[in-house]
Amino acid sequence: MVSRVVEEERFGAGARRHIDEKGAYVPFSQVAGDGSISFLSSDFWNFGTQFLKRKASSTDGNTSNNTIDINNLPWDPSERPKIITYNPNQRDEIRRKYLVRGPCQPRGHEFPSKVVGAKARRFVVNWFDQFQWLEYSVKVDRAYCLPCYLFKDQGGNHGTYAFVIDGFNSWSKKDRLKLHKGEVNSFHHKALKKCEDLINQNQSIVAALHKQTELMKTEYHMRLNASVEVCRYLLENALPFHGNDESENSMYKGYFLGTLKLIGRTNSDIEKVILQNAPKNNQLTSPMIQKDLITCFAEEVLKSIMGEIGDDVFALLVDESSDVSRKEQMAVVLRFVDKCGIVQERFIGIVHVMDTSALSLKSALDALFAKHGLSFTKVRGQGYDGASNMSGKFNGLKALILNDNESAFYIHCFAHQLQLVVVAVAKKHDGVKDFFYLLALVVTVVNSSCKRKDMLREIHKDRIQEEIGNDEIETGKGLNQEISLVRAGDTRWNSHLKTITSLISLFPEVKKVLEYVEDDGDNGATRLQASGLLSYFKTFEFVFYMHLILTILGLTNSLSQALQRKDQDILEAVDLIGTTKAQLQMLRENGFDQVLEKCYSFCDKHEIVKLDMAEGYVNTRNPRKRMNINNRHHYNYDIFNTVLDMQIREFGDRFCEISTDLLQNMAALNPRNSFSQFNKSSLLKLSKMYPRDFDDKERMILEHELDIYYHFVYNDVRFANLNGIADLARLMVATRKHLSHPLVYRLLKLTLVLPIATATVERCFSSMKLVKKDLRNRISDDFLNAALICDIEKEAHAKVKTEDVIDRFQKMKTRRGQI
């Protein structure tokens, strides 16, 4: 077809228009150099793309013109609105989102049964394998068809309502599933074909209109691969992606563009297809492309985590904290036993909650579980802090989950409880309370200005150099580092111990800084505080309290560190708590003279007046009042024994879970001392506490299996020197005895998944502070969640294959490039 050129006055002087053989105007961009009309021109391409994005019909009252965030789509089939209600321009993108995610198949859910006729019927999990398109709604106990739901708006009114709108629940009629599938020409098969065509973008109309050569595909693949690797590197190191100014003339365009440019410099082939050398509309560097790639990495990491869990039981660890934007974020971690018998704790996401009430947290968890195909019926443990909204007996999150699953036993975080023991003693004993108050005041006065902190560092540096010159201290890698006073906090674990140790190490320097403040302080109040602190530092009472609390916290510190291990099991934690409590009792009975000797040594070193323990005690606050006791009685009985009695009593009150029947029965699994604690009746009682995991028939089998199991492990030398149930589980898997004794191994897993501490969740919040900083306080919740998943689960992120990310990226949306 050839066009002719005409001139018209209404287009202005010299204006020309091409007219085809039928007299219709042809855009200039569609006319080739020889005057022929090109139907694959850029204007025609744009027209075709716009045509495929169908506009909403004004006659369809059910259609919405509002766009939605596809990351917040409901995952439970019963909660999904009809596809036709979405904006027509978003429908294909929504369909792809559901197809990439896959059908909602909570394989680990305990499907409820209902009486049909004279028999109890329920959904069978094997149907997911026979009918891969099948979905299940935990909320309403009904089955649905994903392909039919996605293309219900394009016909299919015959026999599809039960699997799209109402849901199927005739569990006794499995043939209905085959009937719904139908013959080759059924609507279900047509819907499946449409799903395949939608995912395979090379067969789409857009791809047909915009044919690409093999060279263009190769260049696109190289360009996309480079962007994927840049994202991988930035996610691994929790680095920001964007720069403040990404314009053409900017010297600093951010880490993403900067790293991509660096890759181009090191590889000339890549340099030819990226950035300015790439098509302007397909450079794969826009913020939206970066977010899609980050989402792909996070989805692949979560896919591997969910594959590890499978349909096995797990424990739930939850905590909430505000980010730098003052948004309340809820972090969720799952604790489970992997296929090698090793305890794992995996972070699966962070959710922005509008408020921290128990109902809001439960609703957010419901949505998160539905998204990942998890079920509350598989929860076998809960681990939170002591906040009322989490651990409330009647209205807390613990209670709401126990209403759904009575086997989801709650354990108050042991590390939190240990910290509360220290705080409780600090609040109840007047002397300890005054010591911690003055200790906090010292940190405040010394660290309140840069000049004082610099003075502290310089004096400490001079002392270290002098001691090194006199061969008083050793030198080597990592020794004699610069230190500073650490501020203690009630919610920061081990912070009180760090504060006291730093004060002892910097005691001469702190005294000199206080003397400087006493002479040249900013105001009278500050000088008065420094003078009071110096007077307190000269008393023997200060030295005694400092070394007493240091000794107590030193004993509990090893327990605190052990409780924060990811692979720590409940029985070993109970043993450690009992050991620590026994050590405190021994300290009370025999430790006074040791603490007193350390106090005398400190006094000699820093020229503090020592007290004679045989002399009469004088109360410095009321020296005229006669006490009729000597110094030894006061420091031994009134302070030393009283503080330790409080500490031991708090241990018993806080760690009340130790005395529960659950842990006492679990102790029969402990393999220490050649399974000396093995008790068959206790383990049978333990199985009764988990009715969802053991029915009456399995308990009868377990009774005989326990005899065989005990005879085997007691006589096998490989099981002779095990330190705990964690070692036992790993060895059973290594020797394949978990297959010979599956019910015993099931008891082991139920014991191992019980949470000990929420340290993993706390570490997630530490990572959140690195990812979302003051300069990155505007990143979205979805971006933050995906970046945190990749940053925290570094091992899983490192195993993600580039081709898997590219494949998921291509399926997410209609891309300009083809592979």
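Here the structure is a predicted model, which is why all the values come from computation and not from measurement.
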Can you check whether Ile401 reaches Lys362 side chain to side chain, under 4.5 Å on heavy atoms?
yes
Got a sec, which residues hit side-chain contact (heavy atoms from CB on, under 4.5 Å) with Arg452, two or more places apart in sequence or on another chain?
Val445, Ser448, Ser449, Val513, Val517, Asp522, Thr526
State, yes or no, whether a side-chain contact exists between Val421 and Thr556 at a heavy-atom distance under 4.5 Å.
no
Rounded to the nearest 0.5 Å, the CZ atom of Phe435 sits from the CD1 atom of Ile500 at a distance of 4.5 Å
Just how far is it from atom CG of Leu503 to atom OG1 of Thr499, taken to the nearest 0.5 Å?
9.0 Å
Which heavy atom of Gln382 sits nearest to which heavy atom of Leu402, and what is that distance?
NE2-CG, 3.7 Å
Salt bridge (charged side-chain N to carboxylate O under 4.0 Å, His left out) between Arg672 and Asp727, worked out
CA-CA 10 Å; Arg672 289 183 178 176; Asp727 294 341; over 6 Å; no
With sequence neighbours excluded, what pairs up with Asp791 under the salt bridge (Lys or Arg N to Asp or Glu O under 4.0 Å) test?
Lys794
Just checking, any donor-acceptor pair under 3.5 angstrom between side chains of Ser560 and Gln564?
yes
Taking only residues at least two apart or on different chains, which pairs with a member in residues 511-521 satisfy salt bridge (Lys or Arg N to Asp or Glu O under 4.0 Å)?
none
Shortest non-hydrogen pair, Leu533 vs Leu438, comes out as CD2-O, 3.8 Å
Donor-acceptor under 3.5 Å (Ser558 side chain, Gly554 main chain):
no
Please enumerate all residues that pass side-chain contact (heavy atoms from CB on, under 4.5 Å) together with Thr760, with sequence neighbours excluded.
Val333, Glu345, Lys566, Arg763
According to the side chain to side chain donor-acceptor pair (under 3.5 Å) rule, which pairs have a member within residues 544-553, sequence neighbours left out?
none
Measure the acute angle between the ring planes of Phe602 and His606, then classify it against the limits of 30° and 60° as parallel, tilted or perpendicular.
tilted
Minimum-distance pair of heavy atoms, taken over all atoms of Ser495 and Arg487:
CB-O, 4.2 Å
Please find the pair of heavy atoms, one from Phe297 and one from His797, that lie closest to each other, and give the distance.
CD2-NE2, 3.6 Å
What do the steps show when you test Ser766 against Glu762 for side-chain hydrogen bond (donor to acceptor under 3.5 Å, both in side chains), and what is the final call?
CA-CA 7 Å; Ser766 299; Glu762 301 291 346; over 6 Å; no
Inter-residue atom distance Asp575.CG - Ile570.CD1, 0.5 Å rounding:
10.5 Å
Under the rule for ring pair (Phe, Tyr, Trp, His ring centres under 6.0 Å), what residues qualify as partners of His429, not counting sequence neighbours?
none
Suppose we screen for salt bridge (Lys or Arg N to Asp or Glu O under 4.0 Å). Which residues come up paired with Asp338, at least two apart in sequence or across chains?
none
CZ on Phe765 to CG on Asp319, rounded to 0.5 Å:
5.0 Å
What about Tyr233 and Tyr255, are their ring centers closer than 6.0 Å?
no
Would the distance check show the side chain of Ser325 and the main-chain N or O of Asn777 forming a donor-acceptor pair, the cut-off being under 3.5 Å?
yes
Whether the side chain of Gln561 engages the backbone of Asn557 through a donor-acceptor N/O pair (distance < 3.5 Å, no angle test) should be reported.
no
Shortest non-hydrogen contact between Leu784 and Val771, atoms and distance
CD1-CG1, 4.0 Å
Should the pair His633 and Tyr637 be assigned to parallel (<30°), tilted (30 to 60°) or perpendicular (>60°) ring geometry?
tilted
Can you name the side chain to side chain donor-acceptor pair (under 3.5 Å) partners of Lys428, sequence neighbours left out?
Glu650
Are any side-chain N or O atoms of Asn237 and backbone N or O atoms of Leu239, one a donor and one an acceptor, separated by less than 3.5 Å?
no
Rounded distance [0.5 Å steps], CD1 in Ile411 versus CG in Leu317
11.0 Å
By ring pair (Phe, Tyr, Trp, His ring centres under 6.0 Å), His460 pairs with (sequence neighbours left out) none
Polar side-chain atom of Arg335 near backbone of Leu752 as donor-acceptor pair, under 3.5 Å
yes
Would you mind listing every side chain to side chain donor-acceptor pair (under 3.5 Å) that reaches into residues 594-605, with sequence neighbours excluded?
Asp604-Lys610
Is the side chain of Asn470 donor-acceptor paired with the backbone N or O of Glu466 at a distance under 3.5 Å, no angle test?
yes
Are more than 12 heavy atoms, taken from residues, nucleotides or ligands other than Glu589, located less than 6.0 Å from that residue's CD atom?
yes
Relative to the ring of Phe544, is the ring of Phe592 parallel (under 30°), tilted (30 to 60°) or perpendicular (over 60°)?
tilted
Name each donor-acceptor pair under 3.5 Å that joins a side chain in residues 346-357 to protein atoms two or more places apart or in another chain, with its distance.
{"from": "Arg346", "atom 1": "NE", "to": "Glu308", "atom 2": "OE2", "distance (Å)": "3.4"}
{"from": "Arg346", "atom 1": "NH1", "to": "Gln344", "atom 2": "OE1", "distance (Å)": "3.2"}
{"from": "Arg346", "atom 1": "NH2", "to": "Gln344", "atom 2": "OE1", "distance (Å)": "3.3"}
{"from": "His352", "atom 1": "ND1", "to": "Asp781", "atom 2": "OD2", "distance (Å)": "3.2"}
{"from": "Asp355", "atom 1": "OD1", "to": "Ser357", "atom 2": "N", "distance (Å)": "3.0"}
{"from": "Asp355", "atom 1": "OD1", "to": "Ser357", "atom 2": "OG", "distance (Å)": "2.5"}
{"from": "Asp355", "atom 1": "OD1", "to": "Ser360", "atom 2": "OG", "distance (Å)": "2.8"}
{"from": "Asp355", "atom 1": "OD2", "to": "Ser360", "atom 2": "OG", "distance (Å)": "3.0"}
{"from": "Ser357", "atom 1": "OG", "to": "Ser360", "atom 2": "N", "distance (Å)": "3.4"}
{"from": "Ser357", "atom 1": "OG", "to": "Ser360", "atom 2": "OG", "distance (Å)": "3.0"}

Salt-bridge criterion met for Asp454 and Arg457 (N-O under 4.0 Å):
yes
If you round to the nearest 0.5 Å, how far is CD of Gln329 from CE of Met768?
6.0 Å
Pairs involving residues 429-440, ordered by first then second residue, that meet salt bridge (Lys or Arg N to Asp or Glu O under 4.0 Å) (sequence neighbours left out):
Asp434-Arg621
Looking at every non-hydrogen atom in both residues, tell me the closest pair between Ala757 and Leu563 and how far apart they are.
CB-O, 3.4 Å
